[in-house]
Every structure is written in C-alpha cells, then in structure tokens.
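Quick notes on the structure that follows.
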Amino acid sequence: MGSPSFAGTTLRMFAPLIIWAVHFLVVYAFTAIACERNFAGTEWLGLGIVTWTVGGATLIAAAAALAMIWFALRSRPGVALRTEIGSFVPWMTAASGALTLLAILWEALPVLFVPVCS
Amino acid sequence: MTLPNALPRPPEELAALKAVWQEPSGWKIVTAVNNTYVGLMYVATAFVIFLGAGVLALLMRVQLAVPENTLLDQATYNQLFTMHGTVMMFLFAVPVVEAIGVLLLPNMLAARDLPFPRLSAYAFWAYFVGGIVFFCTLFFGQAPDGGWFMNPPLTSYTYSPGANADWWLLGIGFIEISAIAGAIEIVVGILRTRAPGMSLDKLPIYAWAMLVFAGMIIFAFPAVILATMLLEVERAFQWPFFIAEKGGDPLLWQHLFWFFGHPEVYIIFLPAAGMVSLIVPTMARTPLIGYRLVVLALVGTGFLSFGLWVHHMFATGIPQLSLSFFSAASMAVTIPSGIQIFAWIATMAAGRMQFKTPALFVLGFLAIFVVGGLTGVMTAVVPFNWQVHDTYFIVAHLHYVLFGGMVFPLFAALYYWIPLVSRKPLSEHLGRWVFGLLFTGFNIAFFPMHITGLAGMPRRVYTYPADLGWDWLNLISTIGAFMIAIGVLVFLIDVARNLRLAVEHNAGNVFNAGTLEWLPTGHYSVRSIPTVTSREPLWDQPNLADEVEDGRHYLPGTATGRRETIITSPVDAKPQYLLQLPGPGWAPFIAAVGTAAFFLLLTVKWIVAAAICGGIAMVMIFRWLWASDPGPSHPPVGIGGGIKLPVYVTGPKSHSWWAMVCLLLVAGTLFASLLFSYLYLWTVAPEVWPSAGDALPALWHPLIAAGLLLASSGVIASASRTLQRTVAHGLGPHWALRIALFVALILLTGAFAIELIGQWQSGLTPTESSYGAIVYMAVALQGQFVVVLVIMGLYTVARSLRGLLDGRRRATFDNTMLLWHYTVAQGLIMLAVLHGFPRLAG
C-alpha cells in the first residue's frame, strides 16, 4: 500500500481556507477597482454593483465551504486515506470549513452597513 | 512489541557512529554543519543581537525620560528607533525562532540532522557576518533612519540621498536570503525526516507551528524582497515606482511591505505558540487539550494573517468598505488565537501544574499577550485606529504583542530546553527573579504608553515639551525599561553560572517531558530512530529511552559509513530511503561570507569588490553542490526490522525535488507580487499607460518570444527523456543531451532578448513613468531567472561532461528542469500581461 499524496491530503484538509483567500482577494480587489475607476455607483434592482459582487462571491464561497464540511462529515474515518491517520484529515477539512464559513460571512457583513467608497 | 534490532549490538557500531558525527574543534568550528552546533551558534548570535537592540531601546528611553532632553540629537534618535525596530524584527525575532527550530527539530523528530545541513550553516553565517556589519553602521552614522518600515517618499532619493537607506534595502537582502534558506530547510526537514510512524496527526505541535512558520516565510518574504528591489532601483536609477508625479504611488510600498509585515507578526508568534504548546503539557503533566483544534488554529492563523495587512494603512485614504473587510479579518484572526489560549488554560486546569520557571514565563506570556490581543481588537476598529494612529498607544500595543507573544515564550523556552545542551539546568531561584523583573518591568514600561498615546504623544519624536502631561508617564516607562534590563542581566548571570555546554552528557529530561527531543542524544542525535505510536512517546512508552540508547530501534549505527538520516513519507511517515548527509566543510562558511559581503559592498558602491565576493560565493556553492548528487553509489541497506532502504532516489520522492518546489513557490510569490504591483500602478495612474496598444511593441515580438519559450521547454522535456536512456560512462546519447541543453539555453535567452529589444524599440524608457519602470522591472526579473538558468544549464552540462549525470543519477538535471519549466511559465504569463493587458484595458 502506497503512501497518500502530500499535496492531495493537504489540499483536502485546508481547501476551505484557500476558498477564504480567493473570496477575500475578489471582494477586496473588486471594491478597490470600483472605487478607483468610479463605477461603484452603478446600480441594478436598487443595489450597487459592489454589493451584488460581494454578495454573490460570498454566497458562492459559503456554499463551497458548506459543501466541503458536508462531504468531510460524511466520509468514514480511515477509508478516505487508507492509512492510520484515520479521521484526522476529514476532521481538519470540516473544522477549517467552519472557520472559513465564519470568516467569510463576518468579513462580508460590512457590505450591508458601510458606504462603499467614501 | 518486537523491536527492529536485537541485542547485543556489535561493539564497534556505536564507535563508528560517533566517529562519523565527530565535529571539528577549535577555530575549525566554523566548518561545522551539524544542527546542534549551528543551532547553538545561531541562538547565541541572535541573543547577542537582542542585547544590542535592547541597549538602543534603553538609550531611547533615557532620552525620553525627561522633556526637552538633549542627550541625543534628532538624527541619532532617528537611527536608533529605525535600527531598534529593524534589528529586533529582522535580525533577532525571525532568526532566533529559526535558530531554535534548527536546534530542536531534528531531535524532536528523531532525525539525525535536517536534510540540508550545509544550507543551515550557510543561512547562519550569512546572518552572522551580515548582521554584525549591519548593526555596526550605527557607529559610523550610516544606519538607516527612515523607520523600520522605510516608507517612501521619505526614503527615496529626494529626501534620503545618503547611503543610510541603502544599508537597510541591501543589508536586509542577506537576511531575506537567510530566512528563506532556513524556511526551506525546515519545511523539508519536518515533512521528510520524521521518525517512522510520526504521521501528521502525531506531529508535535511545535513542529506544526514551525511548518506553518516556514510556509508563511515562503509566501510573505517575497513581497518585501520585491519592495526592496523596487525602492533600491528607484533610488539608484530613478525608476519612478513610488514617485506620484510620474504615475508611481508611495502606497504601493506600504501594500508590499505590510503584505509581508503583518504575517511577520505571526511568523514570530506562531513558533512561540508552538513552544508554549509543548511546555504547558509538561508543566501540567497531561497531554495538550484540543490537539486538533490547536493545529487548526495554527494553520488558520497562517492563512488569515495574510488578510490583515491593510489594517496598518487605515489612515491612508483607502475606500471605507475595503477598510471594513480588513477590520473584520483582523477580528476574525482572534478566533484561532483564542482557541490556542483556551487550549493552554484547559490543559493547565486538567493537569497538576508545576510552577517552575518556564511555567511562570508562560503565565506571564498569557497575561501580556491577551492584553496585546485586546488592544489589537481595539485598533482593528477603524475610527479608534484613526485616533491612535502613530501614537504611543500603538507602541504599547505592538510591544504587548511582540514582547509578550514572543520574548516571554523565548525565555520560557530557554529555561525549558537549556538542559538539553547543558550539563546542568539554569537556576530556579534566579529564574524566578528574572521572571519577576521582566514581568514587572515590562508592564511598568509599556502599560503607561497606552495612556501616553491616548494623551496624544506621537511615535518617533526624539523629545517633547514639558507640561503636556507626558512627563511622568515617560519617566515611569524609562524606569520599567531599566527593570527589564536588570532582569536580562540576572539571566546572563544565571547563564554564566550554570550553562555548561554539553551535547552528550547533558542534564537530561529534568521536567519529565513526553516528546522525543528528550531522548538521550549525542552529536549523532539519537542512537537509534524509534517508531512513534503516540504524541508523547516518552510518556506512553516508558522503556523507549533505554531501547533507543541500546540501539534496538531503526538505524542503530551508520549503514553506509557516512552521516545518514531516514527519509520518510510526508503524510504517514513511512521509511522511503536513506539520505547520506555531508560532514564539516569550508564551502558553506566561505559562501555565506561572500554573500553577505556582496550585499554590504554593493551598498557602499564598491562594485568590483562586491562582484568578486559574489563570484566567490557562487564558486563555493557550486563546490558543495558538486558532491551533493552522489547517485546510486551504494546498494540498499538494512535499517532493522527487515526494512531495506535505497540510498539514493530521484524525482518527486527526493528531498532535493521538495526543496526545489519550495524555491519555486518563493519565485512564484515574488512574480505574483510583481503582477500585483503592475496592476496596482495601473489602477492609480492609468494616464501613463499606453492606450489601445499605442506605443506597444508589435505583436510579433511577444508571439515569437512565446514560441521560443515553449520550444525551450519542449527541448528540456525531450532532454529529460533522452537522459533516461543514458548510462554513466557508457554508450548513450550524452552528446544529444548536451546539445539539447545548449539549444534550450539559446531559445530561452533569445526569447528574453526579443522582449527586451521590442520594449526598447517601442520608445519606452524606465525612467519616464511608472509604466515604463514596472515593465522593465518585469523584464529584468525574467532576465534574472534566465541568468540563473544559464549558470545551472552550464553546470548541468559540466556534470554530464564529467560523467556525473545519467539516467539514474539525475537530481541535478531534475532541479534545472523544474526551474526551467517554471521560468518558461513565468515568461509566458509576463508576455501575456505586458502585451495583452494594455491592449484590453486601453
């Protein structure tokens, strides 16, 4: 029996945190460019383009994190990696998913209350 | 349980092991590469530098003790606070935690040494020589004076025309190289040299912390490396990256600096937290509560800390919603920090605490760090941050976080681990005095600074008028600072009285800890390498120390007659091969001195001397590399328990492949930082960008360059297949391989030349605008990789000519190939951005 791949195992454990990083980059970069290039005032259905983008990115990221938590909790200990490290990997996926979910929602919350470019 | 090796062991086995691990003595100690020697010298040097930076702090506190003091003038004071911050952050905090890692990790993982001992020695000596020279600039009035974060435009050529800023920009260069070299060593060491059975879920928390620490260095340091390159090039050649009237932006520096600078806080804190996570269970005599949660907290902190950098820039006019993202992230990062703190408290509550000196320092750390964390949450609130920006409140906060979060754990670690390297432990009696003085002195020195800051005293002022309400607060802070100094002095007395360096006959496991570094050791680390079945092996396997010392576990001697360690798989730690390690040698020392001299001489514009030193460094590095790809020169060897391991492997299993991948991550992050800079400058000054493709090189330039790049990668891939068919000194397509390497080099340099000529012929110059500057910087960065590949390509050909390269002995070629493909990928992205983006965005 071969050893599990390090890249695959690590990616699986901490993929939710990579989602956090991508989400953070997207919402920060989009807001910065929208303000710098003066198109933050564009509206659709009464909501600004920044609100739409941040909200959409947050929903997608949160859904991805939730899916990872769900699959991690459903995976049976020891089966996924076929090694003695057993439940460590799925536990870590679920826990980092929970942390990611919290961080994503908390960081996106200001879009509901804070003026975008002032 | 049946052990891998039976008794009695052959009588000559231990003597042979000792002989191959014998370290040089006298002045030849500079040739030592063993982690224990290098680690000890590293820690000692970092501590001496800590003392030096502490003296600078005392001078500043004396100056500020009374209003309108004339002890120091403004220029000297500027140098003092700049050097205090720079030295503490770059020359003390990062090196000392790396040093402790080099010292402890092999023993903790039951490895004989880290996988690249010469790299550790090189990192240390570059730091030693460069660090001391850098510190000495103070004595010649040449020390940097722009603050430890060196913000332009203050530090650009207009306002800082002297060499002071250059000392910082180039002087920090060798520290960055040293830190990255150490980080790669630590990543590969932790992932590949663990004892059999020490799967990721059994990895000591300290090793997890060091893994995250090293990973953060790999992803954070390139941003500051790029920043220093840009500012130095702006100063030397007037390329206007940060000059607003030419489309540059000083805030670009702040983004790059703080993208490194905020993770830097956690780069310093996480190893300290890892130490605390080992000390607390030992002092409480019970395993750490919430091991998995603490691992999550370490990794989570590592990620989230990269989303905080703008909270150092709240007062710079960034959009309010953007500030809120960073404000929220700054609060989110308290969750993983809180997890660790609750885990430590729960562990203390679950066990029976022994309040020995290390435990006292841990308790002091908890109290101070929690206060620093709470003021951190306060400063994460944007309006409050604006009020206290650049005041002494921030000085208080950062010292509570850094001194509390790193220096207190460091003293705990020194009292805890010194018995590993000394015949007797440090004194409990004096240790309590040290703790009392440091804890009391620290709070007397820094707590009043919160009030001083709220009362409006700005940072970095060399004096202040009387009657602003700051007088007595400053006096109290100065008294506290001297109490800290007395505490450190008592520690030095304790060290002088009790520290008696001894690797073999050390004081031993005086605190009854459960991790492997407390196994009996010699210069060779452990006599035999045990199978790990739990996180606290010494608690769970009471006879383990005797079994290891008797040679009953794996590799009880030297299997090949040389220094060796077992390389295991990264996830589940199964033995994969035996790595032969190098012994003492001059090459790392001379290479390090040459590297430090190169950067330092460049600072004073002694170009020829700098080039000679750089050349010497490169020759020495190639000298040590020449012997580091030995090929399958030894048949597989038995390590006990019926396990036979190969002595040489190549490809993705090889430790050198892993190190090269780490290096490529550094390179990739550097390039990503450059792309960020390019796009950032476009957002702030689109008017200096060419519109709709005007003034860009004709499209055939990038298309031909891209074709040449792809062709060079294809030739290298083909050469790899050709190499597989070759046999050393035998028949085979050796010449085809050599010709392929030359052809690939010509294609690669041709692609670079076409791009450079294309930009130049379009009329673009690097000094005219920020656009020209960043385009030529991208081309120059690619050029650096091409130069490195030319050298590596020629080196690979040289090894082929000497019969040192064939289908089985190919690690050198593999490393060159990995960098080659990376450089081609980087070049293609660069071409797409430089030629595609202006056309799309214009």
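Not measured: the values here are computed from a predicted model. In the text below, chain A, chain B and the rest are named by the order of the sequence lines, each starting its count at 1.
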Check each atom of [X] against the heavy atoms of chain B and say whether the ones under 4.5 Å are side chain, backbone, both or neither.
X      : result
A/L17  : both
A/L109 : neither
A/F24  : side chain

Non-hydrogen atoms of chain A under 4.5 Å away: do they reach the side chain of [X], the backbone, both or neither?
X      : value
B/V310 : side chain
B/P652 : neither
B/L200 : both
B/L293 : both

**Heavy atoms from other residues, nucleotides or ligands near CZ of A/F6 exceed 12 (cutoff 6.0 Å)** =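 It does: A/F6 CZ has more than 12 such atoms within range.
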**Asked** Counting heavy atoms not belonging to A/W106, are there more than 12 under 6.0 Å from its CH2?
**Response**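 It does not: A/W106 CH2 has 12 such atoms or fewer within range.
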Any side-chain heavy-atom pair from [X] and [Y] closer than 4.5 angstrom?
X      : Y      : answer
A/L99  : B/F303 : no
B/I190 : B/M210 : yes
B/L663 : B/I218 : no
B/T533 : B/D540 : no
A/V27  : A/T53  : no

**Item:** Residues of residues 54-71 of chain A with any heavy atom under 4.5 Å of a heavy atom in chain B
**Value:**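 Under the 4.5 Å heavy-atom cut-off, A/V54 qualify.
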**Prompt:** Distance under 6.0 Å and angle within 45° of the ring axis: does B/R535 meet both against B/Y291?
**Reply:**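 Checked: cation-pi criterion met.
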**Request:** Under 4.5 Å, counting heavy-atom pairs only, tell me which of B/S569, B/S327, B/S322, B/A573 racks up the most with chain A.
**Result:**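 Highest number of heavy-atom pairs under 4.5 Å: B/S322.
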**Item:** Leading residue by heavy atom contact count with chain A [cutoff under 4.5 Å; candidates B/A332, B/P336, B/A329]
**Value:**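 Most heavy-atom pairs within the cutoff with chain A belong to B/A329.
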**Prompt:** What's the spacing between B/R292 CZ and B/I339 CD1 if we round to 0.5 Å?
**Reply:**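 It comes to 14.5 Å.
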Counting only pairs under 3.5 Å, give me each side-chain donor-acceptor contact of residues 675-684 of chain B, with atom names and distances, residues two or more places apart or in other chains.
| unit_1 | atom_1 | unit_2 | atom_2 | d |
| --- | --- | --- | --- | --- |
| B/S677 | OG | B/S673 | O | 2.8 |
| B/Y680 | OH | B/D249 | OD2 | 3.0 |
| B/T683 | OG1 | B/Y680 | O | 2.6 |

